[in-house]
Amino acid sequence: MADSKREIERKYEATGTTRLPDLGRVAGVAAVEHRGVMELDAVYYDTEDFRLAAGSLTLRRRTGGDDAGWHLKLPVASGIRDEIGAPLSDTLPPALAALIRSRVRDAAVVPVVRLRSARDVHLLSGADGAPLAELSVDEVRAERLHGGRRSTAWTEIEVELADDGDPAFLDAVEKRLRKGGIRPSASPSKLSRALAETAPKRERRREPVAPPGTAGDHVLAYVRRQVTAIVALDPAVRRGLPDSVHRMRVATRRLRSALRTYRKVLDRSVTGPVGDELKWLAGELGVDRDQEVLDARLLARLDALPRTLVLGPVRARLKVWSVARRSGSRRRTVAVLDGARYLALLHALDTLLADPPLLPAAAAPPGKVLARAVHKDHRRLAARIGRAAALPPGPDRDLALHDARKAAKRARYAAEAARPALGKPARKSAKRLKAVQSVLGDHQDSVVARDALRVLAVQAHAAGEASFTWGLLYGREEATARARERELPGVWAKASRAEIRP
């Protein structure tokens with residue numbers, strides 16, 4: 001069974017003659033305990049083309065020390081990684097294999113580097129005896145196992161914050177180390193340094209990446225960012241991390257929107273089928289997310305009511321209804337990510353980026369090409385808002401406003417994608433379109449909430465419970481929808497003034 005922890009650490013350059021400063025003089029340190037030297041032997045795994053390393057992930061099998069086993073490290077932020085561990089075994093544990101699937105796909109993982117380290121450990125503790133951090137001096141010997149037999153060696157200092165420690169403490173340690181002439185390491189991890197120093201000379205020469213120059217460059221850069229986000233968020237969704245499903249769904253929608261908006265740049269006969277699969281994935285991810293949003297809305301509305309207006313077992317019924325609708329939804333999401341259809345989509349996205357179906361307009365300067373695309377989406381939104389405004393209140397207008405919401409989202413994404421090329425006008429347009437999307441989104445959420453409240457009221461009535469509170473909540477949602485409809489013209493007028501014209 002895999003377990004995880006948040007690892008917050010910093011690495012520093014050292015030599016065989018580096019002397020540690022007096023760590024007892026670090027602010028907050030009451031005691032420094034020398035734990036001795038331990039021998040660690042770790043084999044790092046990756047695909048033959050180093051897909052994990054490209055995403056700053058490390059996968060190793062380590063013996064020695066007090067945490068022998070398999071370890072997968074996932075980047076969170078600079079100096080922060082989530083470490084997922086599994087017991088020592090001869091083969092890669094399935095739980096870890098699942099977490100790297102979006103990157104390795106169907107490629108095999110093979111040993112790429114062996115690191116043997118002599119780790120001299122010092123434990124820094126506070127006045128209450130609680131550990132603050134562990135500082136180690138590592139003498140590392142690295143041997144490349146894939147792509148030629150080369151080796152290297154170095155010494156580094158690593159400071160890892162104790163569980164639930166204050167990250168500011170690492171600043172105090174660093175201040176003391178710097179006074180002793182010790183500087184931060186240029187490599188984010190031992191593996192990255194080992195790969196860099198043992199790489200064949202042809203791999204070390206990297207061509208500089210040219211800044212985007214054409215319309216095609218800009219669109220592909222945006223597409224690549226969304227694909228990267230989908231792949232990177234896959235492990236977080238599998239682990240059930242907060243907001244991960246929502247963020248992956250947004251990246252999926254952004255990508256699909258870009259393929260539709262910039263059809264003058266990327267051939268829709270090629271991107272269309274990919275867009276269809278992205279729509280499918282967004283729909284699957286939405287099963288859990290939509291219910292989560294609805295639950296939060298109904299609970300907030302219920303919490304806002306005076307207790308005297310909550311009649312009957314309202315909260316209990318809402319909880320039972322929600323659990324029944326969400327039962328198995330996360331398992332279903334993980335099953336989707338484990339499925340062949342999702343894997344085929346990832347392969348299709350790889351192919352799209354490797355051999356993009358560029359049209360003649362892709363070679364043009366980005367200004368006019370991207371501005372025309374953004375303008376077209378803005379005009380589509382204007383038409384849908386006008387169509388909704390012409391309808392009388394009721395289900396038809398609700399549906400038309402929902403269509404307008406989807407158009408607002410697409411127009412906003414189009415402006416955001418064009419921002420690197422169009423600058424401030426695109427940023428301003430995206431910001432105001434986000435406000436339009438927010439108003440229309442709240443309106444649509446009220447429509448969905450009213451449908452749910454009607455069902456809950458019927459269930460309560462059938463069970464002999466009071467349905468007064470459900471009706472009251474329904475009325476408040478109805479009032480919210482009308483308020484959003486009154487707000488829309490003013491918000492839309494501001495967005496119209498920020499419209500980008502080619």
Side-chain angles (χ1 to χ4, degrees), residues 226 246 249-264 268 271-287 289-291 293-294 297 372-418 429-454 474 477-500:
Q226 306 316 313
H246 172 62
R249 189 186 188 192
V250 168
T252 303
R253 285 176 162 174
R254 288 182 190 274
L255 179 52
R256 178 170 177 258
S257 179
L259 298 181
R260 298 171 70 194
T261 294
Y262 296 107
R263 62 180 65 207
K264 296 294 185 181
R268 281 285 290 168
T271 63
V274 177
D276 292 341
E277 291 304 282
L278 289 169
K279 181 180 181 180
W280 159 77
L281 178 59
E284 293 290 346
L285 294 172
V287 172
R289 173 62 181 177
D290 290 345
Q291 187 62 39
V293 170
L294 179 57
R297 186 181 185 94
R372 286 195 198 101
V374 172
H375 177 71
K376 186 175 181 180
D377 279 353
H378 200 284
R379 290 295 88 203
R380 179 185 292 105
L381 171 58
R384 292 193 181 183
I385 288 179
R387 189 178 306 124
L391 294 171
D396 288 343
R397 180 191 275 187
D398 291 342
L399 183 59
L401 287 172
H402 182 43
D403 288 341
R405 177 199 186 190
K406 291 186 284 188
K409 191 178 298 183
R410 177 171 165 180
R412 171 195 165 194
Y413 291 162
E416 289 176 346
S429 179
K431 181 179 179 181
R432 295 193 176 181
L433 287 167
K434 183 179 180 180
V436 174
Q437 178 189 334
S438 179
V439 170
L440 292 169
D442 196 31
H443 181 278
Q444 174 60 18
D445 287 348
S446 79
V447 173
V448 175
R450 276 178 280 156
D451 287 342
L453 290 166
R454 187 183 299 111
Y474 185 98
E477 285 291 357
E478 202 168 40
T480 295
R482 301 292 83 81
R484 297 293 84 79
E485 289 182 29
R486 291 192 298 271
E487 185 181 355
L488 179 59
V491 177
W492 171 237
K494 288 183 179 181
S496 296
R497 289 195 292 272
E499 181 181 357
I500 294 175

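Note that the coordinates shown come from a computational prediction; the quantities given were computed from them, not determined experimentally.
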Item to check | For V374 against A414, the heavy-atom pair lying closest together | outcome: CG2-O, 3.6 Å
Next on the checklist: To the closest 0.5 Å, what do you measure between CD (E487) and NE2 (H443)?
Outcome noted: 11.5 Å
Next on the checklist: Just so I know, are the side chains of R454 and D451 near enough to count as touching, which here means a heavy-atom distance under 4.5 Å?
Outcome noted: yes
Checklist entry - At what distance, to the nearest 0.5 angstrom, does CG of L433 lie from OG of S438? => result 12.5 Å
Checklist entry - Heavy atoms, side chains only, cut-off 4.5 Å: are V250 and Y413 in contact? => result yes
Next on the checklist: With a 3.5 Å distance limit and no angle check, can you tell me whether R256 reaches the backbone of T252 through a side-chain donor-acceptor pair?
Outcome noted: no
Checklist entry - When you measure from the side chain of R263 to the backbone N and O of R260, does any donor-acceptor pair fall under 3.5 Å? => result yes
Checklist entry - Is there a side-chain contact between W492 and L381 (heavy atoms, below 4.5 Å)? => result yes
Checklist entry - Given side chains that start at C-beta, do those of K434 and K431 come closer than 4.5 Å, heavy atoms only? => result no
Checklist entry - Between R412 and Q437, is any side-chain donor less than 3.5 angstrom from a side-chain acceptor? => result yes
Item to check | Check: V447 and L401 side chains under 4.5 Å, non-hydrogen atoms | outcome: no
Checklist entry - When you look at Q226 and R253, which way does the side-chain contact (heavy atoms from CB on, under 4.5 Å) test go after all the steps? => result CA-CA 9 Å; Q226 306 316 313; R253 285 176 162 174; over 6 Å; no
Checklist entry - Charged N to carboxylate O under 4.0 angstrom, D442 versus R297? => result yes
Item to check | Spatial distance of atom CD (E478) from atom OG (S446) [nearest 0.5 Å] | outcome: 9.0 Å
Item to check | Heavy-atom donor-acceptor pair, R410 side chain to S257 backbone, under 3.5 Å | outcome: no
Checklist entry - Do H375 and I500 have side-chain heavy atoms sitting under 4.5 Å apart? => result no
Checklist entry - Is there a donor-acceptor contact under 3.5 Å from the side chain of Y474 to the main chain of A452? => result no
Checklist entry - Is K409 atom NZ crowded by more than 12 heavy atoms from other residues, nucleotides or ligands, each under 6.0 Å away? => result yes
Item to check | Close side-chain approach of D290 to V448, heavy-atom, < 4.5 Å | outcome: no
Checklist entry - Under 3.5 Å, side chain of R384 to main-chain N/O of D403, donor-acceptor pair present? => result yes
Checklist entry - Does the R405 side chain pair with the main chain of L440, one donor and one acceptor, at a distance under 3.5 Å? => result no
